[in-house]
Amino acid sequence: MHQRITQLAQLLRPAIRKARVWVAQQYLLLCAKQKRRHQVIAALIALAVLAYVVASFNTYNRQRQLGEITSVFVASQNLEPGDVIDGATFTTRRMPRTFVAPSALRAITDGMVVQQRVAVGDVLSFTNVGASSTLTDRLPQDFRAVAIALRTVLPNMQPGNTVDVIANGVLLAADGLVLYVLPESNTVVVAVPSAVSPAVASAAAIGDATLVVSS
């Protein structure tokens with residue numbers, strides 16, 4: 001019996017040797033795969049960190065290119081002419097100053113009313129919002145009130161002065177009447193003939209309008 005077992009062991013020895021070699025190879029392969037897996041995971045983490053750094057850098061560059069960020073007032077609901085501006089009708093939004101028109105409101109005061117239809121999200125400005133209802137009471141017949149935010153130093157003027165409205169060297173309105181002066185925003189509300197008020201309002205909206213005091 002012992003002899004048979006010995007013979008069987010001798011017969012199985014090559015197979016056992018091959019099995020040991022195969023097991024050793026598989027173990028080495030498994031170790032190599034684990035090491036490779038760790039390397040891949042580390043590479044993916046490094047790529048994610050690099051992508052985050054690049055995205056943050058691009059965002060910072062875009063903000064620098066767009067310029068300073070400022071706050072504006074935007075309508076939080078659709079507004080019709082005559083609606084009173086209060087806390088329920090507007091909200092604030094931050095945006096690059098480059099995209100903010102010179103006529104945008106810098107402050108909300110009591111008694112401001114809507115002068116023309118304003119949609120949700122529109123920036124509140126002196127072209128669509130008036131100072132108060134008493135302002136329009138002083139309008140001459142067939143005149144319209146237009147707010148003009150000046151890029152230059154505000155001329156020495158007061159309500160009742162007569163001014164000419166000029167844009168790019170072209171006279172848009174002669175003998176306009178100063179109704180209101182807002183020194184804190186460098187803005188003047190002027191009554192101009194209704195026939196030229198669209199041209200004056202357009203020039204004021206893009207910041208091209210300026211004033212010359214005539215009396």
Side-chain angles (χ1 to χ4, degrees), residues 67-155 157-167 172-173 175-211 213:
E68 181 184 354
I69 303 297
T70 187
S71 295
V72 296
F73 300 103
V74 298
S76 57
Q77 61 188 48
N78 292 327
L79 302 174
E80 299 294 333
D83 289 345
V84 177
I85 300 298
D86 56 26
T89 58
F90 72 91
T91 185
T92 58
R93 179 182 300 170
R94 293 181 62 79
M95 60 190 304
R97 186 179 294 276
T98 305
F99 300 143
V100 178
S103 58
L105 293 181
R106 293 173 174 80
I108 301 293
T109 59
D110 294 338
M112 283 188 165
V113 295
V114 178
Q115 293 181 334
Q116 60 185 18
R117 181 173 297 178
V118 179
V120 175
D122 285 351
V123 176
L124 300 182
S125 67
F126 288 113
T127 61
N128 54 33
V129 175
S132 68
S133 58
T134 58
L135 182 64
T136 57
D137 292 340
R138 291 180 284 170
L139 275 175
Q141 187 175 2
D142 294 330
F143 273 62
R144 299 291 183 268
V146 179
I148 301 175
L150 301 177
R151 294 181 176 179
T152 58
V153 177
L154 186 68
M157 66 179 67
Q158 58 186 359
N161 285 149
T162 301
V163 295
D164 295 335
V165 183
I166 298 174
L172 299 181
D175 298 329
L177 177 65
V178 175
L179 299 177
Y180 206 72
V181 180
L182 301 170
E184 66 278 3
S185 59
N186 213 43
T187 300
V188 181
V189 180
V190 181
V192 297
S194 57
V196 298
S197 61
V200 174
S202 297
I206 61 177
D208 287 341
T210 188
L211 300 176
V213 180

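Worth knowing before you read on, the calculation uses all heavy atoms, side chains too, and leaves out hydrogens, waters and symmetry mates.
Between L150 and A209 the shortest heavy-atom distance is CD2-O, 3.9 Å. When all heavy atoms of A204 and V146 are compared, the pair lying nearest together is CB-CG1, 4.3 Å. Closest non-hydrogen pair, F143 versus D175, comes out as CE2-O, 4.5 Å. A pairwise comparison of heavy atoms in M95 and V72 identifies SD-CG2, 3.6 Å as the closest pair. Nearest heavy atom pair, residue N78 against residue A119, reads OD1-CA, 3.5 Å.
Between the CG atom in L124 and the OG1 atom in T92 there is a gap of 11.0 Å [rounded to 0.5 Å]. Rounding to the nearest 0.5 angstrom, the gap separating the CG atom in D164 from the CG atom in L211 is 9.0 Å. In this structure, OG1 in T210 is found 10.5 Å from CG in L172, a value given to the nearest 0.5 Å. Taking CG from L79 and CZ from R117, the interatomic distance works out to 11.0 Å, rounded to the nearest 0.5 Å.
R93 is linked by a salt bridge (Lys or Arg N to Asp or Glu O under 4.0 Å) to nothing, counting only residues two or more places apart in sequence or in another chain.
Judged by distance alone, with hydrogens and angles left aside, the side-chain atoms of S125 form no donor-acceptor pair with the main-chain N or O of A104 at under 3.5 Å.
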Donor-acceptor pairs are to be reported for all side-chain atoms of residues 188-200 against protein atoms at under 3.5 Å, with residues two or more places apart or in another chain.
{"residue": "S194", "atom": "OG", "partner": "D142", "partner atom": "O", "Å": "3.2"}
{"residue": "S197", "atom": "OG", "partner": "S194", "partner atom": "O", "Å": "2.8"}

Run the numbers on V114 and N128 for side chain to side chain contact (heavy atoms under 4.5 Å, CB included), then give the verdict.
CA-CA 6 Å; V114 178; N128 54 33; 5.6 Å; no

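Of the residues listed (V213, N161, T162), the one engaging V178 in a side-chain contact (heavy atoms from CB on, under 4.5 Å) is N161, and it is the only one.
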